[in-house]
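Here is the structure we will look at, set down as structure tokens.
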Amino acid sequence: MQTILKGRKKEVVIDTNGPVVIIGECINPTRRKKLVTTLQEGNFQYVLELADIQIKAGADVLDVNVGFPGVDDVKLLAETVKVIQDRFDIPLCLDSPNPKAIEAALKVAVGKCLINSVNGEEKSMIALLHIAKEYCAAIIGLAMDDDGITHDPQQRLAVAEKILARAMKAGIREEDVIIDPLAMAISADPGACMITLDTIKLIHQKLGLNITLGSSNISFGLPDREVLNSAFMSLAILNGLTCPIANPEKITAAVRATELILGRDDYAVRFVEHFQGSGN
Ligand code: THG
């Protein structure tokens with residue numbers, strides 16, 4: 001199954017058979033004070049710098065999240081999307097809990113974006129599915145709904161199936177639905193990562209859809225996050241993860257290594273290219 005995203009000209013194919021597509025997570029105010037202060041000043045220099053760094057580090061798509069307390073993200077998400085697309089030809093993943101911000105951003109965006117995210121709650125599906133259809137966007141479906149987040153992989157699969165069915169009913173194509181099985185902090189719940197890995201496997205086997213997740217979520221509150229994130233990434237790719245949202249500066253090497261090990265990188269072309277390109 002192939003999900004195709006587009007920038008101005010550039011197309012990125014997310015294929016369930018690989019290669020893994022990296023969605024750069026760094027345009028996100030979580031613990032990035034400088035992003036908040038510069039955006040509050042209407043200064044987009046730092047956003048552009050973060051975009052540039054991530055693209056050079058191996059990002060194929062950029063997640064754009066400009067949500068912080070007090071912000072008018074309807075205005076700011078659209079402005080940020082415009083500024084990024086004026087400079088870079090890379091598809092975008094629009095990350096906001098506010099459907100109005102997503103819609104405003106889609107109005108100004110060129111190409112084909114990914115909406116991050118729709119969940120299985122009635123109000124989310126009602127607000128977002130017709131917008132996705134109208135703007136020909138792909139969607140990330142989060143495996144949670146009005147009953148919250150379940151610890152049972154089978155039930156997470158059921159939520160994914162519900163979102164897929166509703167999306168298709170709204171006229172969205174199956175291949176434009178990417179599922180996020182939910183990655184949670186292992187420091188808060190010792191079973192968290194195995195629930196996610198089992199859910200990935202189920203979704204891969206039963207639905208055959210592309211799968212994303214916020215891989216850095218698992219290591220919140222722990223030291224040496226990179227080590228943990230890399231180990232988890234390898235296992236998640238083995239189970240069917242195809243387009244992680246992650247920090248490319250820290251994860252691209254682990255992704256390339258995993259793909260080489262899995263026999264998806266003949267003659268180590270991409271592996272070698274990564275290290276030569278980054279000068280390591
Ligand atoms: N699923 C989906 N979308 C998501 C998430 C998800 N979007 C947001 C988030 N989770 C993924 N993005 C991030 C962004 C930053 C960090 C983690 C997840 C992060 N930032 C560093 C920190 O907190 O220490 C600071 C920046 C850095 O130095 O890298 O960890 O799960 N669909």
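When a ligand or atom number is given, it counts from 1 through the structure's own listing order. FYI, side chains are in, hydrogens and waters are out, and symmetry mates aren't considered; it's all heavy atoms of this structure.
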Side chains of [X] and [Y]: is there a donor and an acceptor less than 3.5 Å apart?
X	Y	result
N247	E25	no
T199	R156	no
N28	D63	no
T16	N210	no

Students should be able to answer this: which protein heavy-atom is nearest to [atom], and at what distance?
atom	answer
atom 3 (N) of ligand 1	N116 ND2, 2.9 Å
atom 28 (O) of ligand 1	K250 NZ, 3.8 Å
atom 25 (C) of ligand 1	T30 O, 3.9 Å
atom 16 (C) of ligand 1	E25 OE2, 3.8 Å

By number and element, which atoms of ligand 1 are closer than 4.0 Å to a non-hydrogen atom of [X]?
X	result
G214	1 (N), 6 (C), 31 (O)
F220	17 (C), 23 (O), 30 (O)
R32	26 (C), 27 (C), 29 (O)
I245	2 (C), 3 (N), 32 (N)
D95	4 (C), 7 (N), 8 (C)
N247	29 (O)

May I ask you to decide if V20's main-chain N or O and T242's side chain share a donor-acceptor pair within less than 3.5 Å?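 Judged by distance alone, no pair lies under 3.5 Å.
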
Can you tell me if T37 uses its side chain to pair, donor with acceptor, with the backbone of K34 under 3.5 Å?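 Yes; judged by distance alone, with no hydrogens or angles, the pair exists.
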
Would you say ligand 1 has an N or O under 3.5 Å from any N or O of N217?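 N/O-N/O distance below 3.5 Å exists for this pair.
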
Does an N or O anywhere in T212 fall below 3.5 Å from an N or O of ligand 1?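 Between T212 and ligand 1 (N or O atoms, distance only) the closest approach is not under 3.5 Å.
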
Report the member of R31, R225, E249 with the shortest heavy-atom distance to atom 30 (O) of ligand 1.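 Shortest heavy-atom distance from atom 30 (O) of ligand 1: R225.
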
Run down the list L35, L50, D180, N28 and name the one with the heavy atom closest to atom 1 (N) of ligand 1.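 The nearest heavy atom belongs to D180.
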
Just heavy atoms, cut-off under 4.0 Å: does N65 contact ligand 1 by side chain, backbone, both, or neither?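 Within the 4.0 Å criterion, N65 makes no contact with ligand 1.
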
Side chain or backbone of S216 under 4.0 Å from ligand 1, or both, or neither, by non-hydrogen atoms?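 Side chain only.
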
Hey, does K112 have a side-chain heavy atom less than 4.5 Å from the side chain of D176?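 Yes, at least one pair of side-chain atoms sits under 4.5 Å.
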
Looking at K75, I'd like to know if its NZ atom is crowded, meaning that more than 12 non-hydrogen atoms belonging to other residues, nucleotides or ligands lie closer than 6.0 Å.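 12 or below, so no.
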
Using the salt bridge (charged side-chain N to carboxylate O under 4.0 Å, His left out) rule, collect all pairs that involve residues 136-148, keeping only residues at least two apart or in two chains.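 Output for this query lists D145-K162.
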
Give the intermediate values and the outcome of salt bridge (charged side-chain N to carboxylate O under 4.0 Å, His left out) for residues K56 and D52. CA-CA 6 Å; K56 288 186 175 132; D52 189 47; 2.7 Å; yes

